[in-house]
Amino acid sequence: MDKFLIDGPSKIKGKVSISGSKNASLPILAATLLFDLPVTLHNLPRVKDISTMLNLLKSLGSKIELSKDKKTAKISNNKNMKTFASYSLVKTMRGSILVLGPLVAKYHKSKTSLPGGCLIGARPVNYHLSALEKLGMNYEIKDGYILAKSFGKLKGGLIRFPKITVGATENSIIAACLAKGKTVLRNCAVEPEIKDLTNFLNSAGAKINWKGRTCTINGVSSLNSTNYSVMADRIEAGTFCVAATLAKGTLEINNLDPKIINTELNLLKKTGAKIKVSKNKIHINGPEKIKSIKNIKTNEFPGIPTDLQAQLMVLMCKAKGKSSITENIFENRFMHVAELQRLGANITTKNNKAYIEGNTKFIGAEVMSSDLRASVALVLAASVAQGKSVINRIYHLDRGYEKIENKLKNIGVKIKRLKR
Ligand code: EPZ
């Protein structure tokens with residue numbers, strides 16, 4: 001298992017270009033199962049989770065032609081597609097559950113593994129199942145698998161999500177595209193990744209409209225071939241904005257529409273960062289003194305994303321004064337706290353709230369990654385720590401950050417991947 005060796009503190013300066021979005025690519029790739037005609041996707045991030053989804057599509061029968069740089073994929077389905085999503089693939093990435101909707105919508109059946117446990121929370125898929133059931137899917141859970149079928153095409157209907165959920169919203173939109181008649185989804189998640197999925201499907205002839213948190217889909221009989229470029233990764237961009245703010249850095253962040261991280265940029269401005277935006281570009285200068293924020297709360301979009309919570313916690317450790325962070329989305333997303341304490345942080349947690357003492361002098365140490373975003377927070381802390389740090393289990397990080405050590409090296413972080 002690879003590790004990172006980081007020698008801090010770093011002076012962060014330079015340019016970084018943001019890769020395609022992992023969390024937009026996954027539902028878009030799953031939605032390609034609806035197609036008879038080829039689909040070409042550009043700007044895919046070269047991260048582990050995308051390879052897992054491509055392998056899952058291959059296991060279902062899709063032909064995948066990847067460009068040399070692996071950022072463009074031409075996906076062609078055949079008449080004899082399979083509808084079995086095995087535990088061996090699904091267990092490595094929960095997002096695999098997104099193939100359930102398209103398989104039932106297109107092939108009227110599927111045997112899809114339940115995703116299983118996750119460190120950051122229970123993460124059940126009950127809202128996925130109840131929504132698809134309202135479109136006419138019948139299912140039973142057997143031996144850890146969802147055995148699903150529908151009698152012919154799914155039928156449009158009215159679905160109100162009891163809780164805002166990204167995944168269930170995506171699964172329902174995808175399935176409803178080929179359902180008979182109209183589907184109305186209420187209390188939907190409206191993350192930019194969901195709008196990217198909508199734009200992708202509409203570019204292929206789907207009929208999806210939005211009004212606030214209500215999404216209306218008029219089913220079509222089939223989708224056209226399409227050529228689509230996936231949006232940039234706003235969480236990767238947010239991570240680099242935090243890196244610059246943390247290290248009094250000067251960064252030019254390219255290849256992202258700054259509007260989609262407006263909330264995050266406003267929060268960083270409150271900590272003292274100087275930020276200028278232009279089309280697809282962000283200039284950010286970290287402050288000499290980082291101001292603390294009394295109570296940061298994670299929420300659904302357009303709130304502060306939970307996927308940036310750990311990174312913001314590192315920033316608050318360096319801020320002048322006390323602050324707190326309330327995690328409202330996942331019930332167990334403070335796994336990074338104990339590791340940050342190993343680097344010298346002073347953080348206490350109670351239920352879903354963390355209390356952070358600022359003015360932390362991070363000292364290099366050996367730490368352990370537990371999940372994707374926790375691991376990048378450890379990298380950020382180590383990049384401003386005094387001395388050497390070793391970050392273990394960075395396979396977590398490789399799931400969602402493309403070549404992060406190269407991007408960090410280019411902006412002044414002394415980082416090395418130790419291959420094992
Ligand atoms: C997506 O996960 C993202 N993953 C997550 O990013 C992100 O943290 C999350 O949305 C919230 O923004 C992908 O897009 C692949 P949810 P998802 O359904 O769809 C509960 C990362 O770091 N819930 O919005 O799984 C659930 O347990 C990852 O890139 C149910 O109870 O999130 C959670 O508490 C981590 N039943 C809340 O809703 C359901 O059927 C929000 O989950 C579905 C969800």
Side-chain angles (χ1 to χ4, degrees), residues 19-31 45 47-50 52-53 56 90 92-101 112 114-134 139 141 146 159 161-174 185 187-197 213 230-231 233-239 260-261 263-264 297-312 327-333 335-336 352 369-377 396-402:
S19 303
S21 163
K22 166 182 83 76
N23 289 349
S25 301
L26 291 173
I28 288 175
L29 284 165
V47 296
K48 187 78 181 60
D49 276 6
I50 299 305
T52 304
M53 183 57 95
L56 179 53
V90 173
T92 62
M93 183 191 63
R94 312 179 52 75
S96 311
I97 191 70
L98 294 170
V99 302
L100 178 65
T112 295
L114 278 169
C118 175
L119 269 176
I120 66 174
R123 303 184 75 179
V125 293
N126 52 326
Y127 298 135
H128 296 242
L129 298 174
S130 54
L132 293 171
E133 213 175 11
K134 290 216 178 81
Y139 74 95
I141 307 291
I146 303 159
I159 297 165
F161 294 105
K163 182 182 166 96
I164 293 172
T165 144
V166 171
T169 300
E170 292 167 340
N171 231 333
S172 309
I173 290 173
I174 298 170
L185 307 175
N187 197 32
C188 292
V190 291
E191 268 62 7
E193 294 77 18
I194 295 177
K195 294 303 167 68
D196 206 36
L197 170 68
R213 288 191 180 281
V230 174
M231 64 177 274
D233 196 306
R234 66 188 170 106
I235 305 296
E236 183 193 16
T239 302
I260 59 172
I261 58 169
T263 306
E264 294 89 324
K297 293 179 179 154
T298 67
N299 272 310
E300 299 86 1
F301 189 87
I304 293 285
T306 171
D307 297 345
L308 219 50
Q309 178 253 99
Q311 300 92 315
L312 290 169
E327 172 55 53
N328 287 318
I329 306 295
F330 292 108
E331 63 275 22
N332 186 34
R333 202 168 201 180
M335 300 294 286
H336 39 283
N352 67 334
S369 308
S370 54
D371 62 80
L372 169 59
R373 309 301 172 181
S375 46
V376 82
H396 287 291
L397 207 138
D398 292 336
R399 290 188 53 180
Y401 287 91
E402 182 180 317

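When a ligand or atom number is given, it counts from 1 through the structure's own listing order. Since the structure is predicted, the reported quantities are computational estimates derived from the model, not experimental observations.
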Would you please determine whether A168 falls within less than 4.0 Å of ligand 1 on a heavy-atom basis? no
Under a heavy-atom criterion of less than 4.0 Å, does G167 contact ligand 1? yes
Do S375 and Y401 meet the criterion of a side-chain donor-acceptor pair at a distance under 3.5 Å? no
What protein heavy atom is closest to [atom], reported as residue, atom name and distance in Å?
{"atom": "atom 36 (N) of ligand 1", "value": "N126 OD1, 2.6 Å"}
{"atom": "atom 37 (C) of ligand 1", "value": "K163 CE, 3.4 Å"}
{"atom": "atom 29 (O) of ligand 1", "value": "R373 NH2, 2.7 Å"}
{"atom": "atom 40 (O) of ligand 1", "value": "Y127 N, 2.8 Å"}
{"atom": "atom 35 (C) of ligand 1", "value": "R333 NH2, 3.6 Å"}
{"atom": "atom 39 (C) of ligand 1", "value": "P124 O, 3.1 Å"}
{"atom": "atom 6 (O) of ligand 1", "value": "D307 OD2, 3.0 Å"}
{"atom": "atom 32 (O) of ligand 1", "value": "F330 CZ, 4.1 Å"}

Any N or O of [X] closer than 3.5 Å to N or O of ligand 1:
{"X": "N23", "answer": "yes"}
{"X": "I329", "answer": "yes"}
{"X": "E331", "answer": "no"}
{"X": "I120", "answer": "no"}

Walk me through whether I304 and N299 qualify under side-chain contact (heavy atoms from CB on, under 4.5 Å). CA-CA 5 Å; I304 293 285; N299 272 310; over 6 Å; no
Would D307 and R333 pass as an ion pair if we require N to O under 4.0 Å?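 Here D307 pairs with R333 in a salt bridge, since their nearest N and O are under 4.0 Å apart.
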Ion pair E193/R234, N-O distance below 4.0 Å: yes
Apply side-chain contact (heavy atoms from CB on, under 4.5 Å) to E331 and N352, showing your working. CA-CA 7 Å; E331 63 275 22; N352 67 334; over 6 Å; no
Step by step, work out the side-chain contact (heavy atoms from CB on, under 4.5 Å) result for V376 and E236. CA-CA 10 Å; V376 82; E236 183 193 16; over 6 Å; no
Interfacing atoms of ligand 1 (cut-off 4.0 Å, heavy-atom, [X]):
{"X": "L26", "answer": "15 (C)"}
{"X": "R123", "answer": "2 (O), 17 (P), 25 (O), 27 (O)"}
{"X": "K22", "answer": "21 (C), 29 (O)"}
{"X": "T306", "answer": "8 (O), 11 (C)"}
{"X": "L372", "answer": "22 (O), 29 (O)"}

Report the part of [X] (side chain from C-beta onward, or backbone N, CA, C, O) that has a heavy atom under 4.0 Å from ligand 1; answer both or neither where that applies.
{"X": "E300", "value": "neither"}
{"X": "H128", "value": "both"}
{"X": "T165", "value": "both"}

Of the listed options (I194, V166, N171, N299), which comes nearest to atom 12 (O) of ligand 1 when hydrogens are ignored and any heavy atom counts? V166
If you take all heavy atoms of [X] and [Y], which pair is closest and at what distance?
{"X": "P302", "Y": "T263", "value": "O-OG1, 2.8 Å"}
{"X": "I329", "Y": "E327", "value": "N-OE2, 2.9 Å"}
{"X": "P115", "Y": "V125", "value": "CG-CG1, 3.8 Å"}
{"X": "T112", "Y": "I97", "value": "CG2-CD1, 4.3 Å"}
{"X": "R123", "Y": "C118", "value": "NH1-SG, 3.5 Å"}
{"X": "H396", "Y": "S370", "value": "CE1-O, 3.1 Å"}

Step by step, would you call R373 with H336 a side-chain contact (heavy atoms from CB on, under 4.5 Å)? CA-CA 9 Å; R373 309 301 172 181; H336 39 283; over 6 Å; no
Ignoring hydrogens and geometry, is there a side-chain-to-backbone donor-acceptor pair from D196 to M231 under 3.5 Å? yes
